[in-house]
**Q** 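Dumping the structure here so I can ask a few things about it.
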2 protein chains.
Amino acid sequence: MKEQKNYAVSCQACSLNALCIPYSLTDDEIDIVDALIKRKKPIQRNKLVFESGDKFSSLYAVRAGAVKTYSVDQEGNESVIGFYLPGEMFGMDAIYSGKHLNTAIAVENTYVCEIPYNRLEELSGQIKNLQSHMFRALSGVISSDQQLQVLLGKKTAEERFANFLLNLSNRYQKRRLSPILFRLPMSRSDIANYLGIAPETVSRVVRRLQVSEILLLDGNDVHILDLHRLCQSAHGRNKNRDEQNNHKYPLLK
Amino acid sequence: MKEQKNYAVSCQACSLNALCIPYSLTDDEIDIVDALIKRKKPIQRNKLVFESGDKFSSLYAVRAGAVKTYSVDQEGNESVIGFYLPGEMFGMDAIYSGKHLNTAIAVENTYVCEIPYNRLEELSGQIKNLQSHMFRALSGVISSDQQLQVLLGKKTAEERFANFLLNLSNRYQKRRLSPILFRLPMSRSDIANYLGIAPETVSRVVRRLQVSEILLLDGNDVHILDLHRLCQSAHGRNKNRDEQNNHKYPLLK
DNA sequence: CGCTACCTTGATTTCGGTCAAGATACGTGG
DNA sequence: CCACGTATCTTGACCGAAATCAAGGTAGCG
């Protein structure tokens, strides 16, 4: 009982974060919403949350750890679609067709919450604020997907990676964690795949940013040294930054 | 009165298409939903439907013509986000922040329907099928955005363009128009921008597809000659198609 | 301690971008 | 209806960012 209470408390925070429940819900309503959220067992690194082809029945939210989603085309190439951190929801793309087209996998040991969709839909019809929240949440995914679309269509490798870091930075900050010092839970090649570049290119970009003393990357620990210049990199305003690197060839006169 | 009726009829079709209202709505419910949809004046080519920064208050659906949305970055570069054909809804990305981040412009003379969002939200709370339909519609945007993400991150210019044509083809087919003979309402450079390639590259890809007798492009009229091979192009299974072109240089022995 | 998976670095290639020059279509006014 | 000017599209030549190929290096794990 007592530990159930504890679960409930921690997961209430989870539901509040994951669903970003607006403050306008009454306590009763929060309890109702919270009650529909199933607590799932921990999911080990590289274990699936759901798989392409699975019937869609729930949305998921990361409670701790990190999840990536990816799709596989006819030739068997994997494309990383997204990364999800604690407090973030995933699986919304499957509402449309009623089955999952992507696979979701834990990139590290992870806890997820499961939110049965038919119950959520039902409650959304009863709790006006929940409904309008769901609309906003879905819309938010659309608008961030659109930003990504611009990133993938127009930006250089360096801009993509810088934007990626800034995006993570913002998401960590929302969780009241340091925006300049954090861990990358995913591998370089997952990042590369997500950004539509080669892993080798990620390496090279990272090296350049380190030489420029914009950031420090020790293993998977990121330390952003100069947020301002990272923003510049993200927006392609560093085309002549190599002035600073020219002294690498001082003997060429 | 009579012409109002006519409007209502034509626009009922519009709302049914645009919102893809499920058959499960009763006639009364359809009338209610239809009543909330405002008929807008025609919008001339190159006139805006809404602009970046505008307050969000309505979703829009194309009744006739075509609309494109685009965003503009700090440097003033435009990025085409999407094209919308008759029966398709746009503006859903703005629900999240309450204001439009993109600009919507008519690429040809166009009629749009305006759907006041707060009324739509209200009705969704009352009509269960409308709500679940809205969830599906938003989810559908997310899942097609994800496909586009893969396209932009991983595919070659030819694959992008072939996929683009196939996508249009499917959308025309949904409207019961020919899937192999249709018009491109937008310019080559808009297509190029949308696909994240240069307009010159679109030209070259089109030429290659014409030489291969996969399609015929006369001005803006597309004629798909070989749907099967276009699908192959879209999936990158044509890496050695130039065997067929080698006879162009028969003198090289 | 050695194996495997991941990451980094360098050399080479290539796809597509950019630049530049025509060609074609289009709308406007004479 | 035609001539002209402007937009857009096509084509070619060249170039560059990043992919690919190919070794090494590192780190985590049994």
Side-chain angles (χ1 to χ4, degrees), chain A residues 44-46 68 77-80 107-109 151-162 183-211 215-222 233 236 238-242 245 248-249, chain B residues 44-46 68 77-80 107-109 151-162 164 183-211 215-222 233 236 238-242 245 248:
Chain A
Q44 285 193 314
R45 183 175 143 83
N46 292 330
K68 82 170 184 216
N77 307 307
E78 297 187 0
S79 289
V80 174
V107 295
E108 58 186 354
N109 293 339
L151 197 81
L152 295 173
K154 308 280 184 321
K155 308 283 182 153
T156 66
E158 181 163 327
E159 292 169 87
R160 294 183 199 201
F161 184 76
R183 236 172 54 78
L184 297 176
M186 70 295 282
S187 71
R188 300 301 142 91
S189 43
D190 279 343
I191 297 175
N193 187 316
Y194 175 68
L195 295 176
I197 58 185
E200 292 94 329
T201 305
V202 172
S203 257
R204 287 184 246 270
V205 166
V206 167
R207 179 158 43 102
R208 269 184 279 159
L209 293 172
Q210 290 194 129
V211 168
L215 72 91
L216 210 93
L217 213 161
D218 173 28
N220 283 351
D221 294 320
V222 181
S233 285
N238 56 341
K239 309 292 185 185
N240 44 8
R241 196 200 47 228
D242 39 348
N245 297 347
K248 272 170 61 184
Y249 314 105
Chain B
Q44 286 194 314
R45 187 176 143 83
N46 292 329
K68 81 169 187 217
N77 307 306
E78 296 186 359
S79 290
V80 175
V107 295
E108 57 186 355
N109 292 341
L151 196 80
L152 295 173
K154 307 279 184 322
K155 308 285 181 144
T156 65
E158 182 163 326
E159 292 169 87
R160 293 182 201 202
F161 184 75
F164 175 72
R183 235 173 53 79
L184 298 176
M186 68 298 281
S187 71
R188 301 300 144 91
S189 44
D190 279 342
I191 297 174
N193 186 316
Y194 175 69
L195 295 176
I197 58 185
E200 293 93 329
T201 304
V202 172
S203 257
R204 287 186 248 270
V205 167
V206 167
R207 180 157 42 102
R208 267 186 279 159
L209 293 174
Q210 292 196 126
V211 168
L215 71 91
L216 208 93
L217 214 161
D218 172 29
N220 281 352
D221 293 322
V222 181
S233 284
N238 57 340
K239 309 292 189 187
N240 44 7
R241 197 199 46 225
D242 38 346
N245 298 346
K248 273 170 61 183

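The sequence lines fix the lettering, A, B, ..., with proteins before strands; numbering per chain opens at 1. These numbers come from a predicted model, not from an experiment.
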**Q** Just how far, in rounded Å, is P of C:dC26 from CG of B:N46?
**A**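 So the CG-P distance, B:N46 to C:dC26, works out to 15 Å.
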
**Q** For a quick test of reading the model, state the closest non-hydrogen atom pair linking B:A198 to B:A192 and the distance between them.
**A** C-CB, 3.7 Å

**Q** Identify which nucleotide among D:dA19, C:dC7, C:dG16 has an atom closest to any side-chain atom of A:S189, counting heavy atoms from C-beta outward.
**A**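 Of all the options, the side chain of A:S189 is nearest to C:dC7.
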
**Q** Need one value for A:S187: base, sugar-phosphate or nothing, where a base atom within 4.0 Å counts as base even if backbone is also close, heavy atoms only.
**A**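 The answer is sugar-phosphate, as A:S187 gets under 4.0 Å only of primed atoms, P, OP1 or OP2.
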
**Q** What pair of heavy atoms forms the shortest contact from B:D190 to B:K68, and how long is it?
**A**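 Taking B:D190 first and B:K68 second, the nearest heavy atoms are OD1-NZ, 3.0 Å.
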
**Q** Looking at B:K155 and B:G236, would you say the former's side chain and the latter's main chain have a donor-acceptor pair under 3.5 Å?
**A**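 No, the answer is negative, given that no donor and acceptor are paired below the 3.5 Å cut-off.
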
**Q** Do any N or O atoms from the side chain of A:E158 and from the backbone of A:S233 form a donor-acceptor pair under 3.5 angstrom?
**A**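 Answer holds: no.
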
**Q** In whole angstrom, what separates A:M186's CE from C:dC6's P?
**A**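 Rounded to the whole Å, the gap is 15 Å.
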
**Q** Taking all non-hydrogen atoms of both residues into account, name the closest pair between B:L195 and B:R160 and its distance.
**A**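 That closest heavy-atom pairing would be O-NH1, 2.8 Å.
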
**Q** Rounded to whole angstrom units, what separation is found between the CZ atom of B:R188 and the P atom of C:dC26?
**A**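 Roughly 11 Å, once rounded to whole Å.
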
**Q** Looking at every non-hydrogen atom in both residues, tell me the closest pair between B:K154 and A:V80 and how far apart they are.
**A** NZ-N, 4.4 Å

**Q** In whole angstroms, how far is the P atom of C:dA5 from the CG atom of A:N220?
**A**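 Those two atoms, CG and P, are 18 Å apart.
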
**Q** Tell me: CD1 of A:I197 to P of D:dT20, nearest whole Å?
**A**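 The answer, rounded to whole Å, is 12 Å.
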
**Q** Determine, step by step, whether B:I191 and B:F161 satisfy the side chain to side chain contact (heavy atoms under 4.5 Å, CB included) criterion, reporting the C-alpha distance in whole Å, the side-chain angles of both residues, the deciding distance to 0.1 Å, and the verdict.
**A** CA-CA 8 Å; B:I191 297 174; B:F161 184 75; 4.1 Å; yes

**Q** I need the CG-C1' distance between A:N193 and D:dA19, as an integer number of Å.
**A**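 One finds 14 Å between C1' of D:dA19 and CG of A:N193, rounded.
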
**Q** Return the minimal non-hydrogen interatomic distance between A:G196 and A:L152, and the atom names on each side.
**A** N-CD2, 4.3 Å

**Q** Any idea if D:dA7 is syn or anti, going by the 90°-from-0 cut?
**A** syn

**Q** Counting neighbours of CZ on A:R183 that are heavy atoms of other residues, nucleotides or ligands and sit closer than 6.0 Å, is the number greater than 12?
**A** yes

**Q** Write out a two-atom table: protein N or O, nucleotide N or O from nucleotides 10-14 of chain C, distance below 3.5 Å.
**A**
from   : atom 1 : to     : atom 2 : distance (Å)
C:dG10 : N7     : A:R204 : NH1    : 3.0

**Q** At 10 degrees resolution, what angle do the end axes of the helix from C:dC1-D:dG30 to C:dA23-D:dT8 form when each is taken over five base pairs?
**A**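 The helix from C:dC1-D:dG30 to C:dA23-D:dT8 shows an end-to-end axis angle of 40°.
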
**Q** Name the pairs: protein N/O against N/O of nucleotides 24-30 of chain D, kept only if under 3.5 Å.
**A**
none

**Q** Report the distance from atom CD of A:E159 to atom P of D:dA18, rounded to the nearest whole Å.
**A** 9 Å

**Q** Measure from the side-chain N and O atoms of B:R45 to the backbone N and O of B:N109, and report whether any donor-acceptor pair falls under 3.5 Å.
**A** no

**Q** Name the nucleic acid region contacted by A:T201, choosing base, sugar-phosphate or nothing; use a 4.0 angstrom heavy-atom cut-off, strictly under.
**A** sugar-phosphate

**Q** For A:Q210 and C:dC7, what is the distance between atoms CD and C1' respectively, to the nearest whole Å?
**A**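 Whole-Å distance recorded here is 12 Å.
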
**Q** Which atoms form the tightest heavy-atom contact between A:N193 and A:E78, and what is the distance?
**A**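 Looks like ND2-O, 2.8 Å.
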
**Q** Kindly indicate whether the side chain of A:D221, heavy atoms from C-beta on, has any atom under 4.5 Å from the side chain of A:L216.
**A**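 No, side chains not in contact.
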
